[in-house]
Amino acid sequence: MTGLIDSPSIDILAIAAHRDDVEQTCGGTLLVQQALGWRTGILDLTRGEGGTRGSAAEREAEANAAAKILHVAHREALDLPDGSLQNTLENRLKIAAVLRRLRPRVVILPYWQGRHPDHYTSATLGYEACFAAGLAKLDLPGEPHRPYKILYASLYADVRPSFVVDITPHMETRLQALLAYRSQYGNQPEGSGLFVPEEDIRERTFASARHYGLLAGVRYAEPFVQKEVSLAGDLMLLPVASI
Ligand SMILES: [Zn+2]
């Protein structure tokens, strides 16, 4: 599941700082897209060696278990430093190389503001890597490729989303993917002031998804921000009731 060299292209690639970030912010959406027939993938920028709980090896096993639950076609992790992610040329090139290999049409990044520096740094780093991957004269293997659409998963951020994705049929599976990270969510004494007990995860996950679902008149949803405006073809088909 990790580091496949000859993997065929991916339609939708979710990029995040830490293993389990994607599960927390857009796992349901990856399930929706996979069910629609698209090839989904995850690129974790770090390996979790800086975390309070669990080793990098443990987190790799958990990430692969979660990837199976999310039915992603591909998952890999770069070796950027966990806890001190920097937007450097070297790091942009590492991500750009993956983008040229996987050639996603849609890239999902973390929202560009937040509490954890790794999260908001990933947003800018990821965006600039998408730009770099399309530069013909960049000294990097592979054909130039630039994703068509860049979306920001905003569940960590308290901002109004541009749109939400209805994940209602996948809600339970989404939770199971998150719970695959036993080292993070198990009920254990180490870091207990910092980590949420497992029984609270279900409540938080469902409550948050319910909140975003209510904004659009569906049961459970995940929020996204896009920097572009939306384009309408037929006003008669616009979703979400106004009153
Ligand atoms: Zn994180």
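Predicted, not measured: the structure shown is a model, and the values here were computed from it. Counting starts at 1 for both ligands and their atoms, following the listed order.
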Quiz item: For Asn87 and Glu128, does a side-chain donor sit closer than 3.5 Å to a side-chain acceptor?
Solution: yes
Quiz item: For the Zn ion (ligand 1), how many protein N, O or S atoms lie at less than 2.8 Å?
Solution: 4
Self-check item: Pair Asp82 + Arg47: basic N to acidic O under 4.0 Å
Solution: no
Quiz item: Do His18 and Asp118 have side-chain heavy atoms sitting under 4.5 Å apart?
Solution: yes
Practice problem: Verify the distance criterion only: is there a donor paired with an acceptor across the side chains of Tyr181 and Glu23 at less than 3.5 Å? | Solution: yes
Quiz item: Under 3.5 Å, is there a donor-acceptor pair linking the side chains of Glu58 and Ser183?
Solution: no
Quiz item: In terms of side-chain geometry, is the basic nitrogen of Arg59 or Asp44 positioned less than 4.0 Å from the acidic oxygen of its partner?
Solution: no
